[in-house]
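Following: one structure in structure tokens, then a few remarks.
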Amino acid sequence: MSSMVDFFNAQKENLRQMLQFEPFAVLFPRVHALYESMLPFCTNKPLGRFVLLSHKAFLTAASLIGQGHADDAAPIARRAIEMIRLATRD
């Protein structure tokens with residue numbers, strides 16, 4: 001059990017340190033702001049809910065990257081991009 005707790009504590013520490021890393025600290029807040037700026041334009045679209053789902057996927061991918069699991073984040077990030085593209089089509 002302690003090895004599992006150690007693993008999760010290491011993941012928390014990786015994420016804490018990554019939040020201090022400039023590319024991570026600059027890029028992800030900008031992408032988050034972009035999602036927020038899109039919300040008013042997507043609320044009346046039939047697929048606008050995908051914006052919210054893609055944001056959740058983006059946050060999950062960012063968390064995995066921050067914990068040192070970028071390879072696990074790739075398919076989630078791709079899914080976020082696909083949902084946003086679908087939601088914002090005219």
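Positions are given from 1, in the same order as the sequence printed here. These numbers come from a predicted model, not from an experiment.
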*asked:* Is there a path of hydrophobic side-chain contacts, each under 4.5 Å between heavy atoms of I/L/V/M/F/W/Y residues, joining L53 to L86?
replied: yes
*asked:* In this structure, would I84 and F58 fall into the same cluster of hydrophobic residues linked by side-chain contacts under 4.5 Å?
replied: yes
_Interatomic distance, S3 atom OG to F8 atom CZ [nearest 0.5 angstrom]_ = 10.0 Å
*Kindly determine whether E36 and H55 satisfy side chain to side chain contact (heavy atoms under 4.5 Å, CB included), including the steps that lead there.*
CA-CA 9 Å; E36 287 184 331; H55 190 234; 5.6 Å; no
*asked:* Can you tell me how far apart OG1 (T60) and CZ (R79) are? Round to the nearest 0.5 Å.
replied: 8.0 Å
_With clusters defined by side-chain heavy atoms of hydrophobic residues (ILVMFWY) lying less than 4.5 Å apart, directly or transitively, does V31 cluster with M18?_
yes
*Just jot down the salt bridge (Lys or Arg N to Asp or Glu O under 4.0 Å) partners of R85, sequence neighbours excluded, or say none.*
none
Please tabulate, one pair per line, all N/O donor-acceptor pairs under 3.5 Å involving side-chain atoms of residues 19-27, not counting sequence neighbours.
none

Tabulate below the donor-acceptor pairs under 3.5 Å that side-chain atoms of residues 66-74 make, not counting sequence neighbours, or state none.
from, atom 1, to, atom 2, distance (Å)
Q67, NE2, S63, O, 3.2
Q67, NE2, S63, OG, 2.8
H69, NE2, Q11, OE1, 2.8

*asked:* Measuring from atom OG of S54 to atom CD1 of I76, what distance do you get when rounded to the nearest 0.5 angstrom?
replied: 13.0 Å
*asked:* Are F28 and M38 linked, directly or through intermediate hydrophobic residues, by side-chain heavy-atom contacts shorter than 4.5 Å (ILVMFWY only)?
replied: yes
*Say whether L52 and L59 are linked into one hydrophobic cluster, either directly or through other cluster members, by side-chain heavy-atom distances under 4.5 angstrom.*
yes
